Asker: 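Here it is, the structure in full.
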Amino acid sequence: MDPLYIIIALVVIILIFVIWYITTSNKLNRSVVKIDESLSGIDVALTKRYDVLTKMIDVVKSYAKHEKETLFEVINLRKDMSIKERNDVNHAMDENFKKINIVAENYPELKSSENYKTLQQSIADVEEHLQAARRLYNSNVSLYNQLLVSFPTSIIAKNKGMTKKDFFEADEVKKEDVKIDL
Amino acid sequence: MSIEELEVLRKKARNGIIKGFLISFIIAIVIFIISNSLFFPIFIITFGTIVSYLTNMKKIRQFTLAFKETYVLKALKSVFTDLIYKPESGLNESIIRNTGMMYMGDRYTSNDFISAKYKNINVVQADIHIEEEHETTDSDGTTTRTWVTIFKGRWMIFDFNKLFKANIQVSQKGFGNSKLSNWGSETKYKKVMMEDQAFNNTFRTYAQSEHDAFYILTPSLMEKIKKLTSNISGKLLFCFIDNKLHIGIQNNKDSFEHGIFTKINEENVTKEIAQDIKLITNFVDELSLDNDLFRREV
């Protein structure tokens with residue numbers, strides 16, 4: 001066989017490999033960018049939830065001044081939290097919402113106040129946004145994780161040191177917040 | 001108007017057309033006997049029927065309006081509040097065009113405009129028909145123009161129970177005539193894959209913001225849309241725009257109509273109209289559009 005043909009064949013094979021490598025690598029990079037984007041959606045939703053929670057605690061405290069036992073958990077929202085930390089913050093918010101509901105049960109005038117009702121309704125909307133952000137994030141993570149275990153993409157992912165990402169957990173407790181008696 | 005009076009109007013319109021057809025048929029037979037050719041007789045029958053239909057348009061219109069005034073309006077009043085019903089008016093073309101979901105073709109007609117409230121939700125609907133002119137030239141150089149239907153069915157607009165900023169388009173696969181386009185829109189539409197694979201298999205989803213697509217299309221809403229789709233004959237599209245939900249149903253039907261060749265059967269007519277109305281109210285009921293839990297913001 002003519003050595004020239006062998007060289008051309010080798011060049012073509014190398015070219016195909018390089019194109020495939022670049023394309024797949026870009027696909028993985030895009031997946032990471034999408035995950036980061038959707039993670040910022042979770043942060044926005046968590047911040048909104050935190051804001052509503054803070055307002056609610058203020059309202060509850062103004063009605064239940066003598067409620068000594070109710071100690072709300074301190075929540076520290078900050079940038080660059082890990083998924084686990086975000087989950088923990090979310091759980092802490094759930095606990096506080098539970099406590100608010102318990103206190104509200106003992107203060108009918110609080111429950112019937114317009115301010116409290118409006119905040120309760122806004123919780124429902126904030127929860128929907130959080131659920132949307134969570135579903136979008138988890139959907140992107142799922143696609144990314146699937147790429148990581150699919151051959152031959154897994155070779156490039158391993159080469160780039162990419163590892164599986166954690167899901168933002170669904171929380172059954174949160175759903176209780178949406179079911180509000182008005 | 002009583003059913004007897006309506007029947008008189010219907011028969012007047014029907015007989016007018018039949019007369020025209022019979023006269024042209026007799027002329028066609030005579031010409032066939034004389035010329036022994038089929039071309040002119042067929043032409044005369046076709047031409048005669050069209051002329052007869054056009055000359056009786058006033059009578060047909062009279063019957064249609066009386067029918068709608070008697071049966072449709074009454075049925076609508078029993079279901080909706082704040083009702084405006086205009087049988088001869090329709091939705092403005094720009095409303096459909098602005099959704100960006102429909103290729104508007106060359107001819108647009110719309111009728112049976114309804115604006116009302118159902119369970120305190122604003123509802124607007126009309127029948128719409130969009131056609132495109134097609135030109136074909138045969139080997140002899142003869143050009144034939146035909147009108148091809150792009151969309152024939154109903155268009156409904158509902159208040160949506162969530163506030164959102166970005167537009168979302170959901171169209172059933174096989175909805176052959178929607179040409180989703182980014183032209184002219186400030187924010188580009190992106191294809192969105194929802195986590196519900198069955199939903200993705202049935203619908204194409206495009207959104208200006210992925211977050212808003214997930215915010216609006218909750219797992220529960222996707223289930224409801226799938227259920228509605230399986231229960232409705234025809235193809236569906238959903239467009240979430242300006243805090244409204246637009247729904248297009250391409251079923252090749254003209255709703256709230258009664259043909260002049262069919263005798264009025266009160267029971268059947270009432271049933272058919274009720275079904276046409278239920279198609280509107282079903283969306284509010286099934287999609288729980290009256291649930292305003294998410295409408296307020298702090």
Side-chain angles (χ1 to χ4, degrees), chain A residues 30-31 33-45 47-56 58-59 114-146 167-168 170 175 177-182, chain B residues 119-120 159-170 187-226 238 240 243 245 287-298:
Chain A
R30 275 198 302 273
S31 292
V33 170
K34 280 194 90 173
I35 290 170
D36 290 343
E37 278 174 4
S38 47
L39 193 57
S40 70
I42 288 181
D43 287 342
V44 169
T47 310
K48 271 189 189 173
R49 196 171 191 232
Y50 177 80
D51 289 344
V52 178
L53 176 69
T54 311
K55 282 178 191 171
M56 284 200 87
D58 288 344
V59 173
E114 275 308 308
N115 203 2
Y116 185 79
K117 278 184 185 176
T118 314
L119 284 166
Q120 284 278 50
Q121 277 179 319
S122 75
I123 291 169
D125 189 55
V126 167
E127 291 300 335
E128 283 285 294
H129 275 290
L130 183 61
Q131 289 302 324
R134 181 188 65 78
R135 285 166 49 224
L136 175 58
Y137 172 80
N138 285 350
S139 167
N140 286 333
V141 167
S142 172
L143 290 172
Y144 169 81
N145 287 348
Q146 282 172 43
F167 290 100
F168 189 73
K175 287 171 191 164
D177 296 336
V178 185
K179 292 170 192 162
I180 302 158
D181 297 324
L182 295 173
Chain B
K119 290 186 174 176
N120 218 25
D159 280 348
F160 194 61
N161 59 358
K162 280 181 178 175
L163 301 172
F164 53 91
K165 292 183 183 83
N167 301 338
I168 288 105
Q169 301 180 334
V170 179
T187 317
K188 303 283 181 217
Y189 282 92
K190 276 187 210 164
K191 189 167 187 184
V192 181
M193 297 303 282
M194 306 306 295
E195 71 272 56
D196 184 337
Q197 200 47 50
F199 186 84
N200 291 335
N201 290 342
T202 316
F203 295 97
R204 290 178 300 180
T205 308
Y206 288 82
Q208 290 174 330
S209 148
E210 274 189 300
H211 174 83
D212 275 13
F214 277 80
Y215 173 63
I216 287 169
L217 297 168
T218 59
S220 142
L221 188 71
M222 286 191 284
E223 281 303 321
K224 287 169 181 174
I225 288 176
K226 282 190 288 183
F238 299 81
F240 301 84
N243 298 316
L245 165 60
L287 301 179
S288 310
L289 297 179
D290 56 324
N291 173 5
D292 67 346
L293 201 57
F294 308 104
R295 269 202 163 265
R296 293 184 206 175
E297 276 183 325
V298 175

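All chains are named by letter (A, B, ...) in the order of the sequence lines, taking the proteins before the strands, and each is independently numbered beginning at 1. Note that this is a predicted model, so its numbers are computed, not measured.
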Asker: Roughly how far apart are A/Asn140 CG and B/Glu210 CD, rounded to 0.5 Å?
Answerer: 6.0 Å
Asker: Closest heavy-atom contact between A/Ser139 and B/Met193?
Answerer: OG-O, 4.1 Å
Asker: Could you tell me if the side chain of A/Arg135 sits less than 4.5 Å from the side chain of B/Pro219, heavy atoms only?
Answerer: yes
Asker: Can you tell me how far apart CD (A/Glu128) and CD1 (B/Ile216) are? Round to the nearest 0.5 Å.
Answerer: 10.5 Å
Asker: Are A/Gln131 and B/Thr218 side-chain neighbours, meaning at least one heavy-atom pair lies under 4.5 Å?
Answerer: no
Asker: Indicate yes or no: at least one non-hydrogen side-chain atom of A/Asp125 is less than 4.5 angstrom from one of B/Tyr215.
Answerer: yes
